[in-house]
Asks: 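Encoded as structure tokens, here's the structure I'll be asking about.
Index from 1, following the sequence.
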Amino acid sequence: MISTQAWADAQLLWDFQQMGHEPRPCSVAVGLGSHDLGVADTTVGLYRRGMMPVIVFTGATSRTTRESMPRGEAEHYRERAIELGVPSDAILVEPRARNTGENIRFSRALLEERGIPVSSALLVSKPYEERRAYATARKLWPEVEWVSASTPMAFAEYVDSIGDARLVIDMLVGAQQRLMVYPGQGFMIEQSVPEGVAVAYGRLRHAGFTSRLLPDSVTLG
């Protein structure tokens with residue numbers, strides 16, 4: 001049972017993750033691999049609107065995708081995009097990345113290898129990881145102008161689409177923790193966290209939404 005307070009706190013974290021960027025034409029789109037095929041669908045929608053000529057799908061597998069996406073997240077995204085009508089020669093696949101930092105670094109290397117100039121990029125992620133992905137990309141590839149994008153959905157709607165409320169809240173808590181911890185480790189740019197968001201994060205941790213926290217910090221705080 002998830003309490004009313006936990007739902008309210010999760011909504012705060014969800015809202016904070018939304019960057020509020022307006023999609024615009026960019027050099028490329030980078031679709032971050034995950035369990036959520038909605039990232040591929042959203043990237044395809046942006047391609048159809050003429051927002052970019054080239055898509056990079058990036059991602060290997062993780063504990064949440066090794067069964068559902070055995071060929072790798074990026075490859076399953078590519079297959080989905082082709083099913084939806086994107087020409088195969090408009091898609092690049094980066095199959096090795098296992099975290100957001102690797103998504104950015106390996107995608108950059110692939111684009112440079114192919115000789116594709118990049119001055120701006122649409123960064124397509126899950127809705128609850130927009131800010132985390134943006135902060136990482138800004139740190140690791142600062143020369144690029146990053147525009148965040150995700151499937152436009154309300155929090156409750158997204159939970160229904162995934163079918164596992166606890167998993168989504170755990171993911172939100174994990175994303176928030178990284179926003180607060182990773183800048184000090186050099187992995188992200190610093191983001192100002194409103195006091196209400198920090199308090200909500202602390203309550204959710206105390207309530208046990210900890211499965212996606214960094215391993216050595218689960219018992220801290």
Asks: Are Ile55 and Met51 linked, directly or through other ILVMFWY residues, by side chains that come within less than 4.5 angstrom of each other?
Replies: yes

Asks: Which pairs count as side chain to side chain donor-acceptor pair (under 3.5 Å) when at least one residue sits in residues 178-187, sequence neighbours excluded?
Replies: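 Every pair satisfying side chain to side chain donor-acceptor pair (under 3.5 Å) with a residue in residues 178-187: there are none.
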
Asks: Group every Ile, Leu, Val, Met, Phe, Trp and Tyr by side-chain heavy-atom contacts under 4.5 Å, then state whether Ile169 and Trp14 land in the same group.
Replies: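 Cluster IDs for Ile169 and Trp14 match.
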
Asks: Taking all atoms of both residues into account, what is the closest heavy-atom pair of Leu37 and His76, and its distance?
Replies: CD2-O, 4.2 Å

Asks: Using side-chain hydrogen bond (donor to acceptor under 3.5 Å, both in side chains) as the criterion, list what pairs up with His35, not counting sequence neighbours.
Replies: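 In terms of side-chain hydrogen bond (donor to acceptor under 3.5 Å, both in side chains), with neighbours along the sequence ignored, His35 is linked to Tyr128.
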
Asks: Can you tell me which residue pairs pass the salt bridge (charged side-chain N to carboxylate O under 4.0 Å, His left out) test with a partner in residues 103-120, sequence neighbours excluded?
Replies: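 Non-adjacent pairs meeting salt bridge (charged side-chain N to carboxylate O under 4.0 Å, His left out): Arg108-Glu112, Arg108-Glu143.
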
Asks: Quick one: list whatever passes side-chain hydrogen bond (donor to acceptor under 3.5 Å, both in side chains) with Asp41, sequence neighbours left out.
Replies: Arg80

Asks: Hydrophobic clustering (ILVMFWY, side-chain heavy atoms < 4.5 Å, transitive) - are Val159 and Met153 grouped together?
Replies: yes

Asks: Treating Arg138 as the side-chain partner and Trp146 as the backbone partner, does any N or O pair qualify as donor plus acceptor under 3.5 Å?
Replies: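 Pair absent, no side-chain N/O of Arg138 close to backbone of Trp146.
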
Asks: Who passes side-chain hydrogen bond (donor to acceptor under 3.5 Å, both in side chains) against Glu102, sequence neighbours left out?
Replies: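 Counting only residues at least two positions away or on another chain, Glu102 forms no side-chain hydrogen bond (donor to acceptor under 3.5 Å, both in side chains).
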
Asks: Just wondering, do Leu179 and Gln17 contact through their side chains at under 4.5 Å, heavy atoms?
Replies: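 Of all side-chain heavy-atom pairs linking Leu179 with Gln17, at least one is under 4.5 Å.
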
Asks: Quick check against the 3.5 Å criterion: does His21 have a side-chain atom that pairs as donor or acceptor with the backbone of Ser148?
Replies: yes

Asks: Of all heavy-atom pairs between Val168 and Phe155, which one has the smallest distance, and what is that distance?
Replies: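 For Val168 versus Phe155, the nearest heavy atoms are CG1-CE1, 3.9 Å.
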
Asks: Do Arg48 and Leu84 touch side chain to side chain, with heavy atoms closer than 4.5 Å?
Replies: yes

Asks: List the atom pairs, donor and acceptor, that lie under 3.5 Å between side-chain atoms in residues 23-31 and the rest of the protein, sequence neighbours left out.
Replies:
from	atom 1	to	atom 2	distance (Å)
Arg24	NH2	Glu145	OE1	2.9
Arg24	NH2	Glu145	OE2	3.0
Ser27	OG	Ser119	N	3.1
Ser27	OG	Ser119	OG	3.4
Ser27	OG	Ser120	N	3.4
Ser27	OG	Ser120	O	3.4

Asks: Which pair of heavy atoms, one from Ser211 and one from Asp170, lies closest together, and at what distance?
Replies: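 Closest approach of Ser211 to Asp170: OG-OD2, 2.6 Å.
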
Asks: Of all heavy-atom pairs between Glu79 and Arg71, which one has the smallest distance, and what is that distance?
Replies: OE1-NH2, 2.8 Å

Asks: What are the two closest heavy atoms between Leu204 and Ala6, and how far apart are they?
Replies: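 For Leu204 and Ala6, the tightest heavy-atom pair comes out as CD2-O, 3.7 Å.
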
Asks: To check you understand the geometry: which heavy-atom pair defines the closest contact between Leu140 and Phe187, and what is its length?
Replies: CG-O, 4.5 Å

